[in-house]
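Encoded as structure tokens, the structure appears first; notes follow it.
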Amino acid sequence: MSITSIDKEYVAGTYGRFPVEIVSGKGSILVDSGGKEYIDMGSGIGVTAFGTADEQWLAAVTAQLGKLQHTSNLYYTEPCALLAKALCEKTGMKKVFFSNSGAEANECAIKVARKYSAEKKGADCYTVVTLLNSFHGRTLTTLSATGQEHFHKLFNPLTPGFVHVPANDTAVLEQTVAAVNPAAVMLECVQGEGGVVPLNAQFVQAAAKLCQENDIPLIIDEVQTGNGRTGKLYAYQHFGIRPDVVSTAKGLGGGLPIGATLMSEKVQNVLGPGDHGSTYGGNPVASAGALNVISRIDDALLAEVNAKSAYIFQQLSGAEGIESVTGMGLMIGIKTVKPARDILMACMDQGVLCLTAKDKLRLLPALNIPMEHLEKAIAVIKAACK
Ligand SMILES: *Cc1c(COP(=O)(O)O)cnc(C)c1O
């Protein structure tokens, strides 16, 4: 039996998988069970920040794996402590809670905001304002936060206390905040699953100001945009704002599951003993990998990300069959004349793996994708769009 037929028989049918069995890889190259090579323009949905089986990341992870793979959070471990220190030193945030995924990082963010607001403003201050077209995860509460109806339909009743407002409409946000007395405002600076749509700077800054003036925790969901993806360590840093809570995951672990919720001075002591927890959270192996990833996202790497981004925009903007190119850094959405899925399939055939987001083609290559691979992939995508 093939991998595909076993998977189809035994794995829950939640994914519309493409007809490719990936068996190995190196850097930005993936290899399928037939030996065919692909240039990886998706990096496992923005997860393998330094590509597949990156030497430095692998060394950090395997060294830790041979020493101590898990302890639970009953004890102190070095990788978890050092990762929290690195994240705080690089962002100015004060404390970190570790979990295993983006959804969990957001669950924690919401718990922090609700507890902060309930203690300060009363038990009925629990509503979280999020944006239409957002994506915050698949658990029932993060699904409730997600402002896209089609994810909700089959899973009612959802967690109460979420309202969605249109992105980039400051007036509606102000009216909503005045009307619902929210416990938090939560947003992605670039809506990823929503089609790689960056928010207006004026809107993000107005939201931050509104939150600050009304003592409302501002949660920035950096699950996809974080960890160098947009050309800064975190995307909020493009906007000159200071969020109260930042959630991240995906690229942080470089390929192992980890989520992190960063808390500013204002909310750093909200969670106390027993308020939250995770058996795996801060796992030594995942943390050692993440520490390697975070320590390598420096100015030189970010300059490289921005140069590659400029190359992609320059190559694809205005090209035949391409209506628009959006995004920041190496988080790119391409509105194509032909259906994005057809382009994706044509690229796959030509040995280039891309993603889609809504009706767009989406690219999230490794931050260190070699220029020769990037050039080849962009040429294939460009040809497929014609
Ligand atoms: C992927 C994603 C999530 C969910 O992350 P999981 O690790 O799949 O739980 C949440 N928010 C954003 C912005 C994402 O892109």
Side-chain angles (χ1 to χ4, degrees), residues 27-28 39-51 54 87 90-91 102 134-135 167 187-201 203-205 220-241 243 246-255 260 262 290 293-317 322 324-335 352-358 360-371 373-375 377-378 381:
S28 284
I39 300 172
D40 179 11
M41 294 297 284
S43 58
I45 319 187
V47 166
T48 50
F50 289 96
D54 169 79
L87 287 167
K90 287 193 168 225
T91 59
S134 58
F135 183 83
L187 50 88
E188 303 155 86
C189 289
V190 183
Q191 295 187 323
E193 302 304 310
V196 197
V197 189
L199 299 186
N200 291 342
F203 176 74
V204 174
Q205 285 155 3
I220 303 291
D221 180 343
E222 297 263 7
V223 172
Q224 191 163 154
T225 53
N227 314 298
R229 177 54 55 192
T230 68
K232 298 256 189 204
L233 181 58
Y234 290 102
Y236 75 79
Q237 295 167 331
H238 289 284
F239 299 88
I241 61 162
V246 172
S247 56
T248 192
K250 288 197 169 92
L252 177 61
L262 283 58
V293 167
I294 282 297
S295 66
R296 291 162 70 186
I297 304 175
D298 55 12
D299 289 346
L301 180 86
L302 294 172
E304 211 185 290
V305 167
N306 286 314
K308 286 169 187 169
S309 177
Y311 171 80
I312 297 173
F313 273 92
Q314 176 254 320
Q315 284 293 311
L316 298 183
S317 302
I322 293 178
S324 68
V325 185
T326 58
M328 295 173 101
L330 289 176
M331 180 172 178
I332 305 270
I334 306 162
K335 179 89 183 72
V352 175
L353 296 178
C354 302
L355 305 167
T356 58
K358 285 217 156 155
K360 290 185 184 168
L361 197 68
R362 173 172 46 157
L363 309 179
L364 300 169
L367 304 180
N368 66 343
I369 183 173
M371 205 56 209
H373 293 155
L374 182 62
E375 284 169 5
I378 294 299
I381 293 165

Practice problem: Could you check Val352, Leu330, Leu355, Leu353 and say which one makes a side chain to side chain contact (heavy atoms under 4.5 Å, CB included) with Met41? | Solution: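 So, applying the side chain to side chain contact (heavy atoms under 4.5 Å, CB included) to Met41 and each of Val352, Leu330, Leu355, Leu353, only Val352 qualifies.
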Exercise. Answer yes or no: is there a donor N or O on one side and an acceptor on the other, between the side chain of Ser43 and the main chain of Gly51, under 3.5 Å?
Key: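 Flag not set: sc Ser43 to bb Gly51 has no pair under 3.5 Å.
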Self-check item: Worked verdict on Val325 versus Ile332 for side chain to side chain contact (heavy atoms under 4.5 Å, CB included)
Solution: CA-CA 7 Å; Val325 185; Ile332 305 270; 3.7 Å; yes
Taking all non-hydrogen atoms of both residues into account, name the closest pair between [X] and [Y] and its distance.
X      : Y      : answer
Gly231 : Asn306 : O-ND2, 3.3 Å
Lys90  : Leu233 : CB-CD2, 3.6 Å
Ala366 : Thr48  : CB-O, 3.7 Å
Gly251 : Ala49  : O-CB, 3.7 Å
Leu199 : Phe239 : O-CE2, 3.8 Å
Thr326 : Lys360 : OG1-NZ, 3.2 Å

Self-check item: Heavy atoms from other residues, nucleotides or ligands near CD1 of Ile45 exceed 12 (cutoff 6.0 Å)
Solution: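 Atom CD1 in Ile45 is not packed in, count stays at 12 or less.
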Residue pair [X] / [Y], side-chain heavy-atom distance below 4.5 Å:
X      : Y      : answer
Arg229 : Leu364 : yes
His238 : Thr225 : no
Thr248 : Leu87  : no
Ser317 : Ile322 : no
Lys232 : Cys189 : no
Ile378 : Ile312 : yes
Thr356 : Arg362 : no
Phe135 : Gln224 : no

Quiz item: Between atom CG of Asn368 and atom CZ of Phe50, what is the distance when rounded to the nearest 0.5 Å?
Solution: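 Reported to 0.5 Å precision, the distance equals 6.0 Å.
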Exercise. State the NZ-NZ distance between Lys358 and Lys335, to the nearest 0.5 angstrom.
Key: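 Rounded to the nearest 0.5 Å, the NZ-NZ separation comes to 12.0 Å.
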Self-check item: Residues in ring pair (Phe, Tyr, Trp, His ring centres under 6.0 Å) contact with Tyr234, at least two apart in sequence or another chain
Solution: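 Per chain and number, Tyr234 pairs via ring pair (Phe, Tyr, Trp, His ring centres under 6.0 Å) with no residue.
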Practice problem: In sequence, state the C-alpha distance, the side-chain angles, and the governing distance for Thr91 and Glu222, and then conclude on side chain to side chain contact (heavy atoms under 4.5 Å, CB included). | Solution: CA-CA 13 Å; Thr91 59; Glu222 297 263 7; over 6 Å; no
Self-check item: Leu367 vs Arg296, side chain to side chain contact (heavy atoms under 4.5 Å, CB included): CA-CA, chis, key distance, verdict
Solution: CA-CA 11 Å; Leu367 304 180; Arg296 291 162 70 186; over 6 Å; no
Quiz item: Who are the side-chain hydrogen bond (donor to acceptor under 3.5 Å, both in side chains) partners of Glu188, not counting sequence neighbours?
Solution: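 Partners of Glu188 under the side-chain hydrogen bond (donor to acceptor under 3.5 Å, both in side chains) test: none.
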Exercise. List for me each residue that meets side-chain hydrogen bond (donor to acceptor under 3.5 Å, both in side chains) alongside Gln315, sequence neighbours excluded, and say none if there are none.
Key: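 Gln315 satisfies side-chain hydrogen bond (donor to acceptor under 3.5 Å, both in side chains) with Lys382 once adjacent residues are dropped.
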Quiz prompt | Criterion side chain to side chain contact (heavy atoms under 4.5 Å, CB included) on Ser134 and Leu187, from CA distance to verdict | solution = CA-CA 7 Å; Ser134 58; Leu187 50 88; over 6 Å; no
